[in-house]
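Only one structure is covered here, and it is reproduced in the block below.
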Amino acid sequence: MNQLALLGHAALSKLAAFGRAGMMLFQSLVAKPQPVIMFPLFVKQVYFVGVLSLIIIVVSGLFIGMVLGLQGYTILVDYGSEQAVGQMVALSLVRELAPVVTALLFAGRAGSALTAEIGLMKATEQLSSLEMIGVDPLRRIVAPRFWAGFVCLPILSAIFALVGVYGGAIVGVEWLGIYDGSFWANMQNSVDFYDDVLNGLIKAVVFGFVVTWIAVFQGYDCMPTSEGISQATTKTVVYASLAVLGLDFILTAVMFGEL
Amino acid sequence: MRMRILEISVGAFVLAGVVALVGLALNVSGLNLSNSDNTYTVYARFENIGGLTPRAKVTMSGVAIGEVADITLDRDMLMARVAMNIHGNVDFLSVDSSASILTAGLLGEQYIGISVGAEDENLKDGAYIEDTQSALVLEELIGKFLFNEVSE
């Protein structure tokens, strides 16, 4: 009986957390727009969340593209169809790897930082102080961070895909000697702008929404202690990664799986 | 000054995102907006389309001049009816042109090749190409080959 009660308690508290997350999102985003105050805050967050994530995105995009080129070449050269490397690299990057890997890196690099920052603000009672002087912390702290993450992830994902494709081209064309023209022509024949590139971007937009939402909520909802902050940061990375991978399957099934 | 550097870097970041998207569009997906609207449709009936799919390319002398728009079954003639969107600037296909379903390479995708005939009159929007050649289906070929072997 006790176990049953425990289970019920756990389920209820998870549901309550979902409810709080929804409330938080609604309250921070649905309000009278104040572009003059909000825009500089937003720009600052885009800098912290987006610009500073650029290095890790570019470097990992380059290496993932190069690895794809190398692996694809070693397999496809056996069948004499190494020209298809370009198509393989571009499709796997644009459809899958760019949005997913960017979202995972983003959760680790920017999501955890957002959680820790907001959590520390809560622990040091900066959020309560803001409330006391009549500033809504949801609008001033949470909203710009949320929008910044939402905007940055698609941009980062596009950069990741492009850098990855050129990484694959460096390995395939420059080092392994695939004929330049057929490498790009095969790629351009098989990659469709609307079906592949735009669907990949839609994925990135969805991941941006989910990852940033989880990050700001975990920060806002954490226990205001040092232990609570560390737990919240861990939860952000774990939940965001799981959500990204799970949602990726659903989105892929809807977009490409003809379900 | 701190705010200024920050704004400049954010601007560069957004610009990099736009450039990446344009690069993906033009360089990776080969998006071509210029002649996507100006097309006309011609039809052809095939005995067997093999593995032809919509969006497969339509070529003439190996040059892409359009794409397959739609594949339906003709109820009256019991054949596959393929609708092709041909670029508007290719307006010199004569009415006795022939269409055949070809395969790129041994295992490659299938596409339609059009070769022009000798008539002066040209195909108009909605016209039918009468002279068609079906796809080569490997199983049928093997079947014929085996049948000939046995009968000899």
Residue [X] versus chain B: region with a heavy atom under 4.5 Å:
X	answer
V94(A)	side chain
L54(A)	side chain
Y166(A)	side chain
P40(A)	both
V197(A)	side chain
V43(A)	both
L201(A)	side chain
D192(A)	both

*Mind telling me whether F209(A) and F146(A) have parallel, tilted or perpendicular rings, with 30° and 60° as the class edges?*
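Perpendicular.
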
Heavy atoms from other residues, nucleotides or ligands near [atom1] of [X] exceed 12 (cutoff 6.0 Å):
X	atom1	result
F39(A)	CZ	no
Q126(A)	CD	yes
R140(A)	CZ	no
I55(A)	CD1	no
Q133(B)	CD	no

*asked:* If we define contacts as heavy-atom pairs under 4.5 Å, which of A158(A), G86(A), S157(A) has the most with chain B?
replied: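 Heavy-atom pair counts peak at A158(A).
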
_When you measure from the side chain of N122(B) to the backbone of D91(B), do you find a donor-acceptor pair of N or O atoms at a distance under 3.5 Å?_
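It does hold such a pair.
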
